[in-house]
Colleague: 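One structure, as structure tokens, below. Some questions next.
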Amino acid sequence: MKSVNLYIPLLLLLFLAGACGTKKSDGASGALSDDALLDTVQRRTFNYFWDGAEPNSGLARERIHMDGVYPENDQNVVTSGGSGFGIMAVLAGIHRGYVTREEGLARMERIVSFLETADRFHGAYPHWWYGDTGRVKPFGQKDNGGDLVETAFIMQALLAVHQYYAGGNPQEKALAARIDKLWRKVDWNFYRQGDQNVLYWHWSPEYGWEMDFPVHGYNECLIMYILAAASPTHGVPAAVYHEGWAQNGAIVSPHKVEGIELHLRYQGTEAGPLFWAQYSFLGLDPNGLKDEYCPGYFGEMRNLTLVNRAYCIRNPKHYKGFGPDCWGLTASYSTDGYAAHSPNERDDRGVIAPTAALSSIVYTPEYSLQVMRHLYDMGDKVFGPYGFYDAFSETDNWYPQRYLAIDQGPIAVMIENYRSGLLWKLFMSHPDVQQGLRKLGFQLSSDTPISAS
């Protein structure tokens with residue numbers, strides 16, 4: 001009888017411990033279906049661009065630090081490229097019912113009103129603005145004017161918004177018309193610096209072309225060349241793409257990394273950081289897309305993702321935590337400032353950025369979901385009010401509770417593209433986009449030209 005009495009409290013303790021363990025991991029990924037997990041992560045990340053938006057402009061803050069520490073006093077600085085990603089995330093949130101269509105329209109009207117009066121430079125937006133005034137905040141001393149790459153990211157989003165509202169009620173159609181005016185004012189030709197057959201990244205009203213950054217591929221900037229060709233008012237000739245971006249075919253460089261085939265030349269490295277597989281393809285649908293330089297953009301970007309994963313699994317620098325359920329190297333916060341992490345020993349600092357694997361879900365759904373579940377199960381160490389924090393290092397026991405817009409946005413957008421293809425369908429349906437793709441010779445995998453419809 002005595003032994004039974006001893007066992008009862010012991011069993012009770014075990015039961016309570018189990019209950020506490022269950023409570024501690026309440027909402028653990030194993031209890032969620034894939035769709036429920038995706039929705040939880042998408043909704044939380046959407047909140048960065050909804051609840052966390054800068055109030056005057058409605059745009060995305062460059063960064064949100066949960067510790068409230070902003071060494072450069074830039075809490076209300078907004079980002080053009082990150083806002084482009086955020087606009088698409090909000091569009092997906094409207095589609096998902098996270099906010100009503102009326103609430104979403106009001107936010108989009110606030111954003112467009114800001115963009116109509118904010119600083120522009122030959123129609124191009126700067127990298128950063130002060131959210132309360134719309135005046136440029138220099139990204140660097142000489143980088144205080146137009147940033148054509150960031151402009152392409154925000155225009156990619158606005159063209160998707162245009163398509164979402166173009167067939168709507170009168171108020172929605174009016175917003176679409178205002179977006180069309182912004183789109184038509186971007187002078188892509190000016191950024192050829194004297195009609196050269198290449199696009200330059202920057203121009204400053206004070207320093208002119210001193211940044212001297214002609215953009216060649218392959219990197220994250222493909223969308224800039226496509227939109228430059230697509231413009232109905234300042235469209236660049238196809239030679240700008242072929243000679244500038246593709247460098248008369250030099251962009252083609254078949255090689256293997258981690259035993260995986262890549263077809264394109266990646267600037268400065270054998271395989272780039274994963275944002276190179278994501279930023280241009282938030283609106284541009286890689287499925288079935290090819291041109292004379294790449295036999296299939298989806299396959300190329302999937303392989304770039306697989307290279308990244310394979311490198312992290314091989315883990316040549318023996319970092320803690322790296323493996324099949326924890327991989328992903330891209331540009332993010334790092335243990336020493338901000339850095340572009342790539343799948344090579346030179347550029348690998350042991351830092352995992354959740355956006356890398358999660359925004360690759362369209363390419364590697366099974367592997368990206370594996371990472372998503374692992375990260376979700378790590379709990380509030382890496383998951384906060386606006387989704388997964390920007391980056392962490394288990395090796396250094398470094399878990400900053402900080403966010404960057406340009407990393408949060410692709411997570412929400414690519415989850416939606418994986419779930420419904422919404423942003424791809426909207427962007428690709430714009431007639432100017434279709435015209436630009438045809439102009440540059442893009443084709444679908446069926447070997448038929450991009451349709452005129």
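Values reported hereafter were calculated over all heavy atoms of this structure, with side chains retained and with hydrogens, waters and symmetry mates removed.
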Colleague: Distance-only, no hydrogens or angles: does the Asp390 side chain make a donor-acceptor pair with backbone N or O of Tyr333 under 3.5 Å?
Modeller: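 Checked: pair present.
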Colleague: Please determine whether the number of non-hydrogen atoms from other residues, nucleotides or ligands lying under 6.0 Å from atom CD of Gln267 exceeds 12.
Modeller: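 Buried by this count: over 12 neighbours within 6.0 Å.
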Colleague: Using atom types as modelled and distance alone, determine if a side-chain donor or acceptor of Lys439 lies under 3.5 Å from a backbone N or O of Ala230.
Modeller: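 No; zero donor-acceptor contacts below 3.5 Å.
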Colleague: Quick one, Val257 and Tyr266 - any side-chain contact, counting heavy atoms below 4.5 Å?
Modeller: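 The answer is no, as the side chains (C-beta and beyond) never meet within the 4.5 Å cut-off.
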Colleague: Please identify which of these residues, Trp203, Phe190, Tyr200, Trp188, meets the side-chain contact (heavy atoms from CB on, under 4.5 Å) condition with Leu148.
Modeller: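 With Leu148 as partner, Trp203, Phe190, Tyr200, Trp188 yield a single side-chain contact (heavy atoms from CB on, under 4.5 Å), made by Trp188.
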Colleague: Indicate the atoms forming the closest heavy-atom contact of Ser332 with His341, along with that distance.
Modeller: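 Looking at all heavy atoms of both residues, the closest pair is OG-CE1, 3.3 Å.
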Colleague: Any carboxylate oxygen within less than 4.0 angstrom of a Lys/Arg side-chain nitrogen, looking at Arg419 and Asp39?
Modeller: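 Yes, charged N to carboxylate O under 4.0 Å.
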Colleague: Apply side-chain contact (heavy atoms from CB on, under 4.5 Å) to Met108 and Tyr164, showing your working.
Modeller: CA-CA 11 Å; Met108 293 297 184; Tyr164 189 76; over 6 Å; no
Colleague: Would you please say whether a donor-acceptor pair under 3.5 Å links the side chains of Gln278 and Ser360?
Modeller: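 Yes - a donor-acceptor pair under 3.5 Å links their side chains.
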Colleague: Please name the pair of heavy atoms, one in Ser359 and one in Met414, separated by the smallest distance, quoted to 0.1 Å.
Modeller: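 Scanning both residues completely, I find the closest heavy atoms to be O-CG, 3.2 Å.
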Colleague: To the closest 0.5 Å, what do you measure between CG (Leu222) and CD1 (Ile251)?
Modeller: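 If we round to the nearest 0.5 Å, Leu222:CG and Ile251:CD1 are 8.0 Å apart.
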Colleague: Step by step, would you call Trp128 with Asp74 a side chain to side chain donor-acceptor pair (under 3.5 Å)?
Modeller: CA-CA 10 Å; Trp128 284 335; Asp74 57 355; over 6 Å; no
Colleague: Phe85 pairs by ring-ring contact (aromatic ring centres under 6.0 Å, His included) with which of Tyr48, Phe46, Phe153?
Modeller: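 The single option meeting the ring-ring contact (aromatic ring centres under 6.0 Å, His included) with Phe85 is Phe153.
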Colleague: Mind checking whether Leu369 and Leu38 have side chains closer than 4.5 Å, heavy atoms only?
Modeller: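 Result yes, sub-4.5 Å side-chain heavy-atom pair found.
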Colleague: Ignoring hydrogens and angles, tell me if any N or O in the side chain of Thr269 forms a donor-acceptor pair with the backbone of Gly272 under 3.5 Å.
Modeller: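 Looks like no, no N/O pair under 3.5 Å.
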Colleague: Would you say the side chain of Tyr389 lies within less than 4.5 Å of the side chain of Pro400, judging by non-hydrogen atoms?
Modeller: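 Of all side-chain heavy-atom pairs linking Tyr389 with Pro400, none is under 4.5 Å.
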Colleague: State the NZ-CG distance between Lys137 and Asn144, to the nearest 0.5 angstrom.
Modeller: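 Atom-to-atom, Lys137:NZ and Asn144:CG are 11.5 Å apart.
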Colleague: Has the side chain of Trp424 got a donor or acceptor atom that lies under 3.5 Å from a matching backbone atom of Phe281?
Modeller: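 Such a contact is found between Trp424 side chain and Phe281 backbone.
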Colleague: Classify the side-chain pair Asp147/Ser80 by whether it contains a donor and acceptor separated by less than 3.5 Å.
Modeller: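 On atom types as modelled, these side chains do not qualify, holding no pair under 3.5 Å.
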Colleague: Does the Asp377 side chain pair with the main chain of Ala28, one donor and one acceptor, at a distance under 3.5 Å?
Modeller: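 Here the side-chain-to-backbone pair does not exist.
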Colleague: Is there a donor-acceptor pair closer than 3.5 Å between any side-chain N or O of Arg61 and the backbone N or O of Gly52?
Modeller: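 Judged by distance alone, yes, a pair lies under 3.5 Å.
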Colleague: List the steps and the verdict of side chain to side chain donor-acceptor pair (under 3.5 Å) for Arg192 and Asn189.
Modeller: CA-CA 5 Å; Arg192 294 167 63 190; Asn189 261 304; 2.7 Å; yes
Colleague: Below 4.5 Å, heavy atoms only, C-beta onward: do Leu423 and Leu282 meet side chain to side chain?
Modeller: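 A side-chain contact under 4.5 Å is absent here.
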Colleague: With no hydrogens and no angle check, is any side-chain donor or acceptor of Thr355 less than 3.5 Å from a backbone partner on Gln408?
Modeller: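 No; zero donor-acceptor contacts below 3.5 Å.
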Colleague: Would you say that Glu300 contacts Leu262 through its side chain, given a criterion of any heavy-atom pair below 4.5 Å between the two side chains?
Modeller: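 A side-chain contact exists here, since the closest heavy-atom pair is under 4.5 Å.
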Colleague: Look at the aromatic rings of Tyr218 and Trp245 and report parallel, tilted or perpendicular, splitting at 30° and 60°.
Modeller: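 If you compare the ring of Tyr218 with that of Trp245, the planes turn out perpendicular.
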Colleague: Taking all non-hydrogen atoms of both residues, which atom of His216 and which atom of Asn219 are closest, and how far apart?
Modeller: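 Smallest heavy-atom distance, with atoms named: O-ND2, 2.8 Å.
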Colleague: If we count only N and O atoms by modelled type, under 3.5 Å, do the side chains of Ser420 and Glu416 hold a donor and an acceptor together?
Modeller: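 Looking only at side-chain atoms, Glu416 and Ser420 do form a donor-acceptor pair, the distance falling under 3.5 Å.
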Colleague: Looking at Val362 and Asn417, what are the two nearest heavy atoms and their distance?
Modeller: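 For Val362 versus Asn417, the nearest heavy atoms are CG1-CB, 4.0 Å.
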Colleague: Using the side chain to side chain donor-acceptor pair (under 3.5 Å) definition, which of the options His242, His263, Arg265 pairs with Tyr293?
Modeller: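 So, applying the side chain to side chain donor-acceptor pair (under 3.5 Å) to Tyr293 and each of His242, His263, Arg265, only His242 qualifies.
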Colleague: Donor-acceptor pair, distance only, cut-off 3.5 Å: does the side chain of Arg63 make one with the backbone of Val77?
Modeller: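 Not at all, since once roles are kept as given, no pair shorter than 3.5 Å links the two residues.
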Colleague: So, using ring-ring contact (aromatic ring centres under 6.0 Å, His included) as the criterion, who are the partners of Tyr367 when residues are at least two apart?
Modeller: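 Here no residue qualifies.
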Colleague: So, using ring-ring contact (aromatic ring centres under 6.0 Å, His included) as the criterion, who are the partners of Tyr130 when residues are at least two apart?
Modeller: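 Tyr130 satisfies ring-ring contact (aromatic ring centres under 6.0 Å, His included) with no residue once adjacent residues are dropped.
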Colleague: Checking side-chain contact (heavy atoms from CB on, under 4.5 Å) for the pair Thr151/Val186: CA distance, chi angles, key distance, verdict?
Modeller: CA-CA 8 Å; Thr151 297; Val186 182; 4.1 Å; yes
Colleague: Using the six-membered ring wherever Trp is involved, compare the ring planes of Tyr191 and His122 and label them parallel, tilted or perpendicular (cut-offs 30° and 60°).
Modeller: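 Taking His122 first and then Tyr191, their aromatic rings stand perpendicular (interplane angle over 60°).
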Colleague: Between Glu54 and Val78, is there a donor-acceptor pair closer than 3.5 Å when you use the side chain of the first and the backbone of the second?
Modeller: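 Checking the backbone N and O of Val78 against the side chain of Glu54, no donor-acceptor pair under 3.5 Å is found.
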Colleague: Going through the distances and angles, do Lys181 and Glu116 end up as a salt bridge (charged side-chain N to carboxylate O under 4.0 Å, His left out)?
Modeller: CA-CA 9 Å; Lys181 290 181 180 179; Glu116 288 171 335; over 6 Å; no
Colleague: To the nearest 0.5 Å, how far apart are CG in Leu329 and CZ in Arg349?
Modeller: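 These two atoms lie 10.5 Å from each other.
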Colleague: Which heavy-atom pair separates Gly384 from Arg44 by the least distance, and what is that distance?
Modeller: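 Minimum heavy-atom separation between Gly384 and Arg44: O-NH1, 2.7 Å.
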Colleague: Atom OG in Ser83, atom CD1 in Ile406: separation rounded to 0.5 Å?
Modeller: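 Spacing of OG (Ser83) from CD1 (Ile406) equals 9.5 Å.
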Colleague: Find out whether Glu258 and Arg309 are in side-chain contact, i.e. whether some heavy atom of one side chain is under 4.5 Å from a heavy atom of the other.
Modeller: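 Not in contact.
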Colleague: Over 60° means perpendicular and under 30° means parallel, so classify the ring planes of Trp201 and Phe213, tilted if in between.
Modeller: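 Answer is tilted, since the angle falls between 30° and 60°.
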Colleague: Indicate the atoms forming the closest heavy-atom contact of Ala89 with Phe49, along with that distance.
Modeller: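 Heavy-atom minimum between the residues: CB-CD1, 4.0 Å.
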Colleague: Tell me if a side-chain donor or acceptor on Tyr225 pairs with a main-chain N or O of Val215 at a distance below 3.5 Å.
Modeller: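 Flag set: sc Tyr225 to bb Val215 pair under 3.5 Å.
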Colleague: Side chains of Tyr241 and Asp291: donor-acceptor distance under 3.5 Å anywhere?
Modeller: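 Yes, because at least one side-chain N or O of Tyr241 sits under 3.5 Å from a partner of the opposite role on Asp291.
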Colleague: Do Trp183 and Met155 have side chains that get closer than 4.5 Å, going by heavy atoms?
Modeller: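 Sidechains of Met155 and Trp183: in contact.
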Colleague: Once you round to the nearest 0.5 Å, how far does OH of Tyr279 lie from OG1 of Thr330?
Modeller: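 Between Tyr279 OH and Thr330 OG1, I get 5.5 Å after rounding to 0.5 Å.
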Colleague: Specify whether Tyr363 and Phe298 have parallel, tilted or perpendicular ring planes, treating 30° as the upper limit for parallel and 60° as the lower limit for perpendicular.
Modeller: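 Answer is tilted, since the angle falls between 30° and 60°.
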Colleague: So if I apply the side-chain contact (heavy atoms from CB on, under 4.5 Å) rule between Tyr165 and each of Arg178, Lys173, Arg101, which one comes out positive?
Modeller: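 Only one option passes, and that is Arg101.
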Colleague: Please check if the number of heavy atoms outside Lys317 that lie under 6.0 Å from its NZ is greater than 12.
Modeller: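 Buried by this count: over 12 neighbours within 6.0 Å.
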Colleague: In Å and rounded to the nearest 0.5 Å, what is the OG1 to CH2 distance from Thr79 to Trp129?
Modeller: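 Interatomic distance, Thr79 OG1 to Trp129 CH2, rounded to 0.5 Å: 8.0 Å.
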Colleague: Below 30° counts as parallel, above 60° as perpendicular, anything between as tilted: where do the rings of His162 and His430 land?
Modeller: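 Rings of His162 and His430: tilted, 30 to 60°.
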Colleague: Measuring only between side-chain heavy atoms, which start at C-beta, is Cys326 closer than 4.5 Å to Tyr319?
Modeller: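 With C-beta onward as the side chain, the pair stays apart.
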Colleague: So for atom CG, which belongs to Asp336, do other residues, nucleotides or ligands contribute more than 12 heavy atoms lying within a distance under 6.0 Å?
Modeller: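 No - once you tally the heavy atoms of other residues, nucleotides and ligands closer than 6.0 Å, there are 12 at most.
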